[in-house]
Each structure stands twice: as C-alpha cells, then as structure tokens.
Amino acid sequence: MNAPAIAPLDPALARAAADFPILARPVRKRRLVYLDNAATTQKPAAVIEAEATFYRESNANIHRGVHWLSQRATELYDAARERVQHFMHAARPEEIVFTRGTTEAINLVAQAWVRPRLGPGDEILVTCMEHHSNIVPWQLVCEQTGATLKVVPVDERGQLELEALDALLGPRTRLFAFTHVSNALGTVNPVAELVRRAHAVGALALVDGAQAVAHQAVDVQALGCDFYAFSGHKLYGPTGIGALYGRFELLDAMGPWQGGGDMIRTVRFEGSTWADVPQRFEAGTPNIAGAVGLAAAIDYIESVGLEAIAVHEHALLAHATEALGAVSGVRLIGTAAHKAGILSFLVEGIHPHDLGTILDVEGVAIRAGHHCAMPLMNRFGIPGTARASFALYNDEADIAALVAAVRKAQQLFRGEGR
Ligand code: PLP
C-alpha cells in the first residue's frame, strides 16, 4: 500500500513536537502517539509557563483592586481579551465574553438571548451533526419557552443536505446554530453561506467553533455570524477557559444569565442594575490564569502560523485516509468533500471500544464511542466509531503507528499473534 508521502514539513512544524513536554513521556513504555486532539490538545511549554508565571508573579483578583498586584492581574486579563478579539477578528474587545468553554458559551446564548425572546411558534434550527453541547441547551430552552427544535439532515458522506435547509429555514426560524467543523466526522461546513441563508429569513446564526479555531484562521466579521463559541483547551490552551464572540448590539441588548459579583453596577434589595458588556456575562471570579494561558496559546499558534498548520493537517488527513482506507475491513465514516483533520472509522468485527483499548496498548491514543454526537451515530445506524484526530505536532510516523496498531488489532481478533 503506497499512501502519498506528506509534503516536507514547514520548518516551524517539524520542530513543533519538541514544544510539547508531554509528547516526550513514554506511555506503556512506548512512544506516545497522541491522536485524540479533537477531545483536547496537548499544551506547549509556553502555555504551561504562562499560567505558572501568572501564579508566581501576578496572582490577585481582578477589578476593584486598589493594590498593585490586582491592577497587574486586571491588565493581563484585559490584554487576554484583546488577544482573543484580534485572533477572532472581532470589531472590539467588548464582543468577547470569557466562558468556561464552548458549552458554557452556547448555554449563555440559550439563556440570555433565546429564553426571554422566543415563545411557542418560534423555531431554533440545528443540524444532525451537532455535538450534544449544541443540541441540549436548545432542547432545554425550547422546553422553557415552548419554541420548537428543527434539524437539518446529513447525507451519506456526512455533509449537510442544503436543499433541505431551504425548506427548514423560514420566517419562524429565530436562530440557526451549527458547527463549523464536525467533531465526529471532520466535515467543514460552509459557514458564510449558512450565515447568509439564516440572515435571509431574519434568523440569527450561532457557530460552534470548538473544532475549527485551532486548525484554520477564523474571521467572525468575514463570516458574518452573530455568535461564535470556542474552547481554549482545543486550541493548545488551558481547560476551563473559552470564549463567546457576540455582535456588540446583540450582547448589549441581552440581560444577564448568571448573577453575582462583577456583573452588577449597583445592588439594592429593591433591585439591581447590570454592568456593561462583557462584564455583565462574567459573574464571579473568572479563570484569570486560564485567560492568560489562552492568550499564550494564541501567541504560540500564530507564531507557528495557521496557514502552515492547515496545510500540514490536510496533508496528514489525506495520508491517513489513504493509508487506513487501504486496510481491508476498515470503513471510513465521514467522507465529505471538505474535511478537517479528523478521521472516523470502523474495523469489521471489532467494537470501537475494543479497538481503542488495543491501540492504547500500542501507545496510540485515539477516541472511541459516540463522540457526544448520538443523533449523528443514529443517522449512520452505528453505536460509535474509532476516531483519530490530528494536531500540528503529529507526523507521518504517528500515522504509520496508527495503521500498524489497527493491523495488529485485526490479527489479534483473527486469533493470530496470541
Ligand atoms: N462542540 C464541539 C463540536 C466539540 O467538539 C466539543 C467538544 O468536544 C464541544 C462543542 C464542547 O466543548 P467543551 O467541552 O470544551 O465545552
């Protein structure tokens, strides 16, 4: 089997694995082959150091602090917001709300924008390929408001059925929430086109960018979306920090969703008033060190270059698709024309969980299961898949290890090699 060789790596990328300390640790006495990047990415030393340095040198609570350290921490937190703003190409820093991640960002929109505005007869549209994080918050808010959830179907290759979309989008659609990149299939959706169609019927568009931001440049103004959500930990940043981008006019018109410190202007027992955006949506002490770490992750990713990362990951995907597809008994799930570095597959006669366990013994970390996309698995009539997902530090050797481990699993299941 001759899979095409990957084009020579960009010099910055060829060295990238060395930036990630965890990749140097053996797992089960073998070289770690980490192919579970869609679940979470590993962290470069620059991010680990940025968080540690914050705690060592600048730790204090932000806002209202009169002392030097508090002012320093506030400056770093505000600078992190501006870093995210520029990364997303948002028009102003107030359009970036720090959240715990994508899930919290979507729940924020569901509770603060949808809940007070929608009622019976209104519709929220999602797609069949959504992560549970972009389904369940809408189900909850539909129960709370009487609105209805509609679903855009997906074809055999794992692409949205755009003809069906025309029939589903209508004057009752108030919000279209869809993923930029499918975490289970790797399908890249035509975001600008979907946003345009949503706006044509007067609906808002929310994009779940959890699987996109680490793999391609995102410009929220060029995409035209109203909301865009992502998680820091899928972007080489820390867990527990992410962001919601929202158009300023929309955020400004929204009431708070959680109450507490920092989100108020005045508090009286007769009633309280709210802080300006984005503080209005950041109740309580935020993840300050996480925001600093996220800014460091963005610095890191931009130093490598999103363009170079996208080219590299596409080459890895093409190589892995060919190499794995050539193994008899392997069925690829998700063969869309436009894909990011995610490869879902089934191996005949081996349950994905068993496959994941055998690969782990070989030092190859993949994910097995429904990938928090149960409706999509039902669409394909399967309980789950095995999934390899790529990051900037993966290389040809990782794919060779994956394919060799899959072959080994097949031998084990055939009773050879015991
Ligand atoms: N949306 C997509 C497409 C995802 O892949 C994920 C995580 O896997 C999420 C949302 C949820 O992200 P988080 O758990 O960081 O909130």
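First listed ligand is number 1; within each ligand, the first listed atom is number 1.
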Result block: side-chain N/O donor-acceptor pairs under 3.5 angstrom for residues 214-222, not counting sequence neighbours:
from, atom 1, to, atom 2, distance (Å)
His215, ND1, Glu313, OE1, 2.6
His215, ND1, Glu313, OE2, 3.3
Gln216, NE2, His180, NE2, 3.3
Asp219, OD1, Gln221, N, 3.0
Asp219, OD1, Ala222, N, 2.9
Gln221, NE2, His89, O, 2.8

Item to check | Lys339 side chain to Val181 backbone, donor-acceptor under 3.5 Å | outcome: no
Checklist entry - For the residue pair Phe178 and Phe176, is the inter-centroid distance of their aromatic rings smaller than 6.0 Å? => result yes
Checklist entry - Please, which pairs that meet ring-ring contact (aromatic ring centres under 6.0 Å, His included) have at least one residue in residues 359-387, sequence neighbours excluded? => result His132-His370
Item to check | Under the side-chain hydrogen bond (donor to acceptor under 3.5 Å, both in side chains) test, residues paired with Asp36 that sit two or more places apart | outcome: Arg367
Next on the checklist: Taking the six-membered ring for Trp, are Phe98 and Tyr77 closer than 6.0 Å centroid to centroid?
Outcome noted: yes
Pairs of nitrogen or oxygen atoms, one from ligand 1 and one from the protein, closer than 3.5 Å: please tabulate them with distances.
from, atom 1, to, atom 2, distance (Å)
ligand 1, 1 (N), Asp208, OD1, 3.2
ligand 1, 1 (N), Asp208, OD2, 2.5
ligand 1, 5 (O), Gln211, NE2, 2.7
ligand 1, 8 (O), His131, NE2, 3.4
ligand 1, 8 (O), Lys234, NZ, 2.6
ligand 1, 15 (O), Ser231, OG, 2.7
ligand 1, 15 (O), His233, NE2, 2.7
ligand 1, 16 (O), Thr102, N, 3.4
ligand 1, 16 (O), Thr103, N, 2.9
ligand 1, 16 (O), Thr103, OG1, 2.5

